[in-house]
Amino acid sequence: MSNVVVLGSGIVGLYTAWCLIHYANISPTKINVIAEFLPGDTSIKFTSPWAGGNFSCISPNDPDTLAYDKFTYTHLKDIKQALGQECGLDMRPSTEFWDVYPGDEKINSLKSYLKDFKVVPKSKLPEGVAYGITFTTWNFYCPFFISKLRAHLEKLGVQFKRQKLTHISQAYIPHTLAVFNCTGIGAVSLSGVKDTNVYPTRGQVLVVKAPHIQENKMRWGADFATYIIPRPNSGGQLILGGFLQKDNWTTDTFEEESKDIIERTTKLLPKILDKPIEVLGVAAGLRPSRYGNARIEAEIIEDRLLIHNYGAGGYGYQAGFGMSHKAVELFIQNKKLSSKL
Ligand SMILES: Cc1cc2nc3c(=O)[nH]c(=O)nc-3n(C[C@H](O)[C@H](O)[C@H](O)COP(=O)(O)OP(=O)(O)OC[C@H]3O[C@@H](n4cnc5c(N)ncnc54)[C@H](O)[C@@H]3O)c2cc1C
Ligand SMILES: *[C@@H]1O[C@H](CO)[C@@H](O)[C@H](O)[C@H]1NC(C)=O
Ligand SMILES: *[C@@H]1O[C@H](CO)[C@@H](O)[C@H](O)[C@H]1NC(C)=O
Ligand SMILES: CC(=O)N[C@H]1CO[C@H](CO)[C@@H](O)[C@@H]1O
């Protein structure tokens, strides 16, 4: 009983493999990542390549998620150090505006750890905005970063295997100590136990070339989300978004949504227009949202240890490291039990 299986190779599965090595002392050669889609692939069933890639204030205000965010923000430097300077992860300035004050829990938590945290004076807020902050944030060039993280884990000895599972029981390869369920949105259709609390939140984004923009800016409205996110080490790519469309499985992209995105983002940050807009791509992605937020839980089913780590919604990059750390703590607590089975 020494293999550990991580089902899913999105950002959450990769963070989980990292945490198993660094916090549970599992030898990388005993870690098996099994996934239908791997870094480098693109599919609507694979959310991680589509993320904008900022650490922002969008995540919910419950104490668990606030702790996952904080863990991720304060520990990402370890991953950057292991992957090297040009890994698609870097720090950039950020401004966030809210039309409705996000609440003291959130602001007090952010204030306790965000670098260069400052409240924007009321006189400097755009019309309709109730509250704003500036800080230094983490930015990801998502598809590049997950490929780098995979390559690093592979070099250490982690095995990646492409396989689509139709039932979670197929994840239990011989001598398996535990399986981590990091299947994101994909597992809505995975039989075993179906979690009907999982639903997609669709988003459309534009990738444009704009090397002159090296800052983040976002505005959270009552019924819209507008954001501007530079991608580190990408040769000047900038993400413009976006949409948060609950329960919408549409994978097509729409011209009128792209127009709307350009209108809102250039209004929020007019200097985007200092150079003509060159659109490199338009994409739609499905955030793996979940009623009740992310599920980090250990379960013993038919004498087998299963640890859930999914439902990261719109914040898998920024909270996923903390989620995975918690999942690995549950593994450590339950492992003794499992090895006696
Ligand atoms: C437009 C958009 C913008 C976003 N912006 C940000 C952002 O700025 N910051 C941020 O933190 N987050 C952002 N997100 C959210 C982020 O992308 C997700 O939270 C994250 O990618 C979820 O990762 P995951 O590993 O849980 O799922 P996924 O990346 O979907 O990975 C799931 C994995 O499980 C595998 N899998 C599933 N089912 C099976 C099966 N049956 N058999 C085998 N393998 C299976 C898949 O193949 C895949 O490898 C954004 C999302 C979108 C759509
Ligand atoms: C694995 O995770 C998915 C959500 O991505 C969930 O729907 C499914 O029920 C989980 N599998 C099991 C066996 O619990
Ligand atoms: C999903 O989103 C698309 C694009 O915005 C829209 O055209 C479509 O009507 C939506 N579908 C549902 C079911 O809401
Ligand atoms: C580009 C983009 O999608 N913006 C994101 C900014 O950050 C939050 C979470 O960190 C995402 O959910 C937004 O979608």
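Just so you know, residue 1 is the first one in the sequence shown, and it goes up from there. Everything numeric in this text was worked out from a predicted model, so none of it was measured. For ligands, and for the atoms within them, numbers begin at 1 and follow the listed sequence.
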- Which residue from G320, G285, G313, G184 reaches closest to atom 16 (C) of ligand 1 through any of its heavy atoms? G313
- Query: Which one of G10, G314, A225, G203 has a non-hydrogen atom at the shortest distance from atom 10 (C) of ligand 1?
  - Reply: G314
Any sub-3.5 Å donor-acceptor pair from [X]'s side-chain atoms to [Y]'s backbone N or O?
{"X": "Q163", "Y": "A35", "value": "no"}
{"X": "R202", "Y": "T250", "value": "yes"}
{"X": "D41", "Y": "F37", "value": "no"}
{"X": "Y172", "Y": "L305", "value": "yes"}
{"X": "T47", "Y": "L286", "value": "yes"}
{"X": "T137", "Y": "F55", "value": "yes"}

Do ligand 1 and [X] have nitrogen or oxygen atoms that lie under 3.5 Å from each other?
{"X": "N54", "result": "yes"}
{"X": "P288", "result": "no"}
{"X": "S9", "result": "yes"}
{"X": "V12", "result": "yes"}
{"X": "F37", "result": "yes"}
{"X": "R287", "result": "no"}
{"X": "G316", "result": "yes"}
{"X": "Y227", "result": "no"}
{"X": "F46", "result": "no"}
{"X": "G52", "result": "yes"}

For [X], the ligand 1 atoms whose distance to one of its heavy atoms is below 4.0 Å:
{"X": "I11", "answer": "20 (C), 21 (O), 23 (O), 25 (O)"}
{"X": "C182", "answer": "32 (C), 33 (C), 34 (O)"}
{"X": "K164", "answer": "42 (N), 43 (C)"}
{"X": "W50", "answer": "1 (C), 2 (C), 3 (C)"}
{"X": "A312", "answer": "19 (O)"}
{"X": "L286", "answer": "53 (C)"}
{"X": "S48", "answer": "20 (C), 21 (O), 23 (O), 25 (O), 28 (P), 29 (O)"}
{"X": "T183", "answer": "32 (C), 34 (O), 37 (C), 38 (N)"}

- Message: F140 and side-chain contact (heavy atoms from CB on, under 4.5 Å): which single residue from I229, I146, N54, L76 fits?
- Response: L76
- Query: Pick from N216, T134, I228, L269: which one makes a side-chain contact (heavy atoms from CB on, under 4.5 Å) with T95?
  - Reply: T134
- Location of contacts on L38 toward ligand 1, heavy atoms closer than 4.0 Å: neither
- Message: Less than 4.0 angstrom from a charged side-chain N to a carboxylate O is my criterion; do D90 and R92 meet it?
- Response: yes
- Query: Is it true that K271 and E215 make a salt bridge, defined as a side-chain N closer than 4.0 Å to a carboxylate O?
  - Reply: yes
- Message: Can you confirm whether more than 12 heavy atoms, excluding those of D274, are under 6.0 Å from its CG atom?
- Response: yes
- Item | Exceeds 12 heavy-atom contacts within 6.0 angstrom, atom NZ of K77 | yes
- Go through I239 and V207 one step at a time and tell me if the side chain to side chain contact (heavy atoms under 4.5 Å, CB included) criterion holds. CA-CA 5 Å; I239 295 280; V207 186; 3.9 Å; yes
Decide whether the shortest distance between a heavy atom of [X] and an atom of ligand 1 is less than 4.0 Å.
{"X": "G242", "value": "no"}
{"X": "Q163", "value": "yes"}
{"X": "Y310", "value": "no"}

Answer yes if the ring centres of [X] and [Y] are under 6.0 angstrom apart, and no otherwise.
{"X": "Y199", "Y": "Y291", "result": "yes"}
{"X": "F135", "Y": "F117", "result": "no"}
{"X": "Y68", "Y": "Y315", "result": "no"}

- Item | With T226, the side-chain hydrogen bond (donor to acceptor under 3.5 Å, both in side chains) member among K217, E263, R219, R264 | R264
- Note on the structure: The complete set of salt bridge (charged side-chain N to carboxylate O under 4.0 Å, His left out) pairs with one or both residues in residues 42-63, sequence neighbours excluded, reads E36-K45
- Might you list the protein residues in contact with ligand 3, defined as having a heavy atom under 4.0 Å from one of its atoms, sorted by chain and number? R202, Q245, N248, T250, F254, E257
